[in-house]
A.B. asks: 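First the structure, then my questions, so here it is.
In what follows, chains carry the letters A, B, and so on, assigned in the order in which the sequence lines appear, proteins first and then strands, with residues in each chain numbered from 1.
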Amino acid sequence: MRSLPSIIHLDMDAFFAAVEQAAKPSLRGKPVIVGGLGGRGVVSTASYEARRFGVHSAMPMAQARRLCPNAAFLSGRFEAYRQVSEIVMGLLRELSPLVQPLSLDEAFVDLEAGPYGPVLAEADHGTGERLVVALAEDLRADIQRRTGLTASVGAAGSKLMAKIASEQAKPDGLVLIEPGEERAVLGPMPVRALPGIGPATEQVLRRAGLNTVADLAEAGEAELVQLLGRSHGVGVHQMAIGLDDRPVVADQDAKSVSVEDTFEVDLADRERVLREVDVLAARCVRRLRAAGRSGRTVVLKVRRFDFSTLTRSETLRGPTDDEAVITETARRLASQVDITGGVRLLGVGVSQLADYTQEDLFAQAERTEAAAEQHPVPAGEENGPAAEEEAVARHWMPGQDVHHDEFGPGWVQGSGVGRVTVRFETPWSGPGRVRTFAVDDPALEPARPLPLHRDAGRGEHGGAEVAEPGERRGREGGSGADPAGQDPAGQDPAGKG
DNA sequence: TCTGGGGTCCTAGGACCC
DNA sequence: TCTGGGGTCCTAGGACCC
């Protein structure tokens with residue numbers, strides 16, 4: 001806990017949907033829903049315009065379509081989201097090297113570890129807080145300028161309270177919670193406001209008559225341990241009384257890599273299941289290798305027709321990134337599960353990751369064994385995946401970036417019955433016109449996402465480069481840096497109102 | 001209305017070793 | 001002959017987060 005609100009939590013507003021609106025001028029101000037578009041998809045992000053219709057994250061897409069039939073329904077463009085995320089994270093790193101990303105659109109920053117740390121440490125209470133507010137408002141303005149997107153920021157003396165504050169700040173706001181005010185702010189909130197308390201824990205607490213954070217604080221640690229178990233109980237009690245000492249820790253290496261697929265129709269037969277396991281294992285290995293890692297434990301995940309989910313795992317003698325080894329292991333695990341009634345989802349994952357890729361003896365032995373042993377892949381099947389990729393490339397996804405030889409850059413608005421509709425516009429154009437083509441029109445091809453600003457592509461890091469320290473300092477004397485004068489707090493720094 | 005995909009952390013039992 | 005306790009690893013499942 002700190003006496004200065006020097007930990008900030010940044011959260012981009014309706015991130016995926018906001019990126020789509022920034023990239024697609026015709027969607028600005030309109031309901032946009034990003035998520036899985038198949039029969040079993042769910043909403044990933046809804047723009048604020050769509051939220052007014054009751055659409056929210058994790059809602060089945062079918063329900064979202066009923067609630068808001070006129071929204072633009074888009075499948076995600078993760079390459080674009082990653083690009084924008086890198087710009088945002090770069091801006092955060094100008095404030096401090098201690099940046100802890102929680103996802104593409106969220107991160108903690110420890111200001112004390114950065115260039116303003118010494119000033120903050122010296123400053124008296126009021127001056128320190130005004131500096132934090134000024135830095136946070138500058139940050140929000142920089143994000144707006146560089147990406148066109150809005151972000152909400154919470155500042156407080158702990159990660160817990162910074163996160164609570166950014167939640168209160170949404171959308172497009174800043175809330176600072178003064179150290180000392182923790183319990184007053186938390187007390188009236190429902191228990192679900194605490195991170196780590198989900199539906200299950202909420203039920204347990206509700207049955208015990210505990211509904212607000214103040215109830216939790218009053219209940220005491222012993223009762224919470226009784227109800228929730230040692231670890232969770234202690235943690236929840238600490239949060240409830242406003243205590244949180246967790247440090248901001250810079251980006252950590254992933255501990256597992258996994259891929260999974262939900263099928264439009266449940267898989268009924270074993271052979272089909274095994275073929276899908278092969279495809280998933282290959283995808284998993286590709287990701288593992290791209291990350292330069294190898295793993296020891298192979299995990300198979302199966303969700304059955306009735307949504308019951310099980311995992312089976314096997315730990316190898318050493319870490320591997322060998323596709324044959326991982327595939328065979330996953331297949332072995334899959335052949336042991338009961339698939340009666342059908343399989344809704346399959347997943348393949350690897351954990352116990354090693355920091356480096358080693359061509360280990362175990363993998364080599366396994367491979368020669370497998371090669372010597374048996375089944376050459378049937379000729380037809382060998383071409384299967386490649387042929388499938390061709391087909392996927394011609395399967396136009398709503399939202400997807402495309403380029404037309406004559407009309408230039410655009411995005412897929414929809415497709416069906418052999419036709420694809422494209423809207424030709426760019427992040428920096430006005431709203432564009434729509435044209436329709438045959439799905440196999442040779443003049444039309446998939447494209448990479450465009451940067452949100454025309455000039456953002458300059459520089460070797462594609463616009464994500466960090467500005468010179470002097471640049472920021474320079475502004476310090478300017479508008480953003482006169483915290484006393486500008487009173488960004490229309491935002492209620494105490495977070496009380 | 002029928003529930004995605006990518007992760008993290010925790011618990012608990014059994015094996016195995018000292 | 002009966003009875004230990006602790007530590008670590010593996011496996012499975014579940015809660016939770018974005």
Side-chain angles (χ1 to χ4, degrees), chain A residues 9-17 33-46 54-67 75-76 78 81-82 85 100-108 159 163 166-167 191-205 225 228-236 239 246 249 251-264 266 280 283-284 287-288 291 296-317 333 336-337 344-353:
Chain A
H9 179 259
L10 173 115
D11 202 332
M12 301 293 292
D13 300 322
F15 184 54
F16 295 172
I33 298 171
V34 178
L37 301 181
R40 289 173 162 179
V42 301
V43 175
S44 183
T45 314
V55 179
H56 57 78
S57 297
M59 170 182 284
M61 196 57 86
Q63 189 183 357
R65 286 187 190 277
R66 280 191 299 273
L67 288 172
S75 69
F78 285 84
Y81 308 152
R82 217 166 282 119
S85 180
Q100 181 177 7
L102 301 178
S103 64
L104 287 179
D105 77 317
E106 228 185 280
F108 287 111
K159 289 165 102 174
K163 177 130 174 127
S166 74
E167 195 64 37
V191 296
R192 271 303 291 274
L194 296 179
I197 296 189
T201 307
E202 180 187 26
Q203 284 312 305
V204 170
L205 295 171
V225 167
L228 307 178
R230 183 90 227 151
S231 171
H232 204 195
V234 171
V236 166
M239 285 194 286
R246 294 170 301 162
V249 290
D251 224 350
Q252 292 152 323
D253 283 342
K255 296 185 171 161
S256 66
V257 171
S258 67
V259 299
E260 63 187 54
D261 251 344
T262 294
F263 305 102
E264 286 295 325
D266 292 351
L280 290 164
R283 263 167 56 196
C284 186
R287 293 249 314 275
L288 190 63
R296 251 190 94 206
T297 301
V298 178
V299 185
L300 178 83
K301 176 173 169 180
V302 178
R303 174 120 72 213
R304 290 189 273 230
F305 69 104
D306 61 355
F307 220 72
S308 63
T309 306
L310 59 82
T311 63
R312 292 292 179 267
S313 66
E314 186 177 325
T315 299
L316 309 171
R317 278 173 289 175
L333 294 167
Q336 291 160 12
V337 308
R344 177 190 179 92
L345 167 148
L346 285 172
V348 172
V350 177
S351 59
Q352 292 226 71
L353 301 188

A.B. asks: Can you name the residues that form a salt bridge (Lys or Arg N to Asp or Glu O under 4.0 Å) with R66(A), not counting sequence neighbours?
C.D. replies: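 Applying salt bridge (Lys or Arg N to Asp or Glu O under 4.0 Å) to R66(A) gives none.
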A.B. asks: Can you sort out the partners of K301(A) under salt bridge (Lys or Arg N to Asp or Glu O under 4.0 Å), two or more places apart, ordered by chain and number?
C.D. replies: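 Salt bridge (Lys or Arg N to Asp or Glu O under 4.0 Å) list for K301(A), sorted by chain: E260(A).
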A.B. asks: Which residues satisfy the ring pair (Phe, Tyr, Trp, His ring centres under 6.0 Å) test with F263(A), sequence neighbours excluded?
C.D. replies: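 Ring pair (Phe, Tyr, Trp, His ring centres under 6.0 Å) check on F263(A) returns nothing, list empty.
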A.B. asks: Taking DNA chain C as the partner, which of residues 57-66 of chain A come within under 4.0 angstrom of it by heavy atom?
C.D. replies: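 The stretch gives none, as no residue of it lies under 4.0 Å from the strand.
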A.B. asks: Tell me, please, which residues at least two apart from F305(A) pass ring pair (Phe, Tyr, Trp, His ring centres under 6.0 Å).
C.D. replies: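 Per chain and number, F305(A) pairs via ring pair (Phe, Tyr, Trp, His ring centres under 6.0 Å) with no residue.
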A.B. asks: For Q252(A), which contact category applies under a 4.0 Å heavy-atom criterion: base, sugar-phosphate, or nothing?
C.D. replies: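 Touches nothing.
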A.B. asks: Who passes side chain to side chain donor-acceptor pair (under 3.5 Å) against S103(A), sequence neighbours left out?
C.D. replies: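 So S103(A) forms a side chain to side chain donor-acceptor pair (under 3.5 Å) with D105(A).
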A.B. asks: For DNA chain C, what is the dot-bracket line, given that a base pair needs Watson-Crick (N1 to N3, plus N6-O4 or O6-N4) or G-U wobble (N1-O2 and O6-N3) geometry with both distances under 3.5 Å, and | means paired with another strand?
C.D. replies: ....||||||||||||||
A.B. asks: Sequence neighbours excluded, which residues qualify as salt bridge (Lys or Arg N to Asp or Glu O under 4.0 Å) partners of D13(A)?
C.D. replies: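 Testing D13(A) for salt bridge (Lys or Arg N to Asp or Glu O under 4.0 Å), a comparison that skips the adjacent residues, returns none.
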A.B. asks: Among all residues two or more places apart in sequence or in another chain, which pass the side chain to side chain donor-acceptor pair (under 3.5 Å) test with R303(A)?
C.D. replies: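 With sequence neighbours excluded, R303(A) shows a side chain to side chain donor-acceptor pair (under 3.5 Å) to T309(A), given in chain and number order.
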A.B. asks: Students should find this one: the first and last nucleotides of DNA chain C, 5' to 3', lying under 4.0 Å from a heavy atom of chain A. What are they?
C.D. replies: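 Span of nucleotides near chain A: dC10(C) to dC18(C).
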A.B. asks: Using a 4.0 Å cut-off on heavy atoms, which residues in residues 305-312 of chain A reach DNA chain C? List them by number, or say none.
C.D. replies: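 Nucleic-acid contacts, sorted: L310(A), T311(A), R312(A).
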A.B. asks: Applying ring pair (Phe, Tyr, Trp, His ring centres under 6.0 Å), name anything that partners F108(A), two or more places apart in sequence or on another chain.
C.D. replies: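 With neighbours one apart ignored, the set is H9(A).
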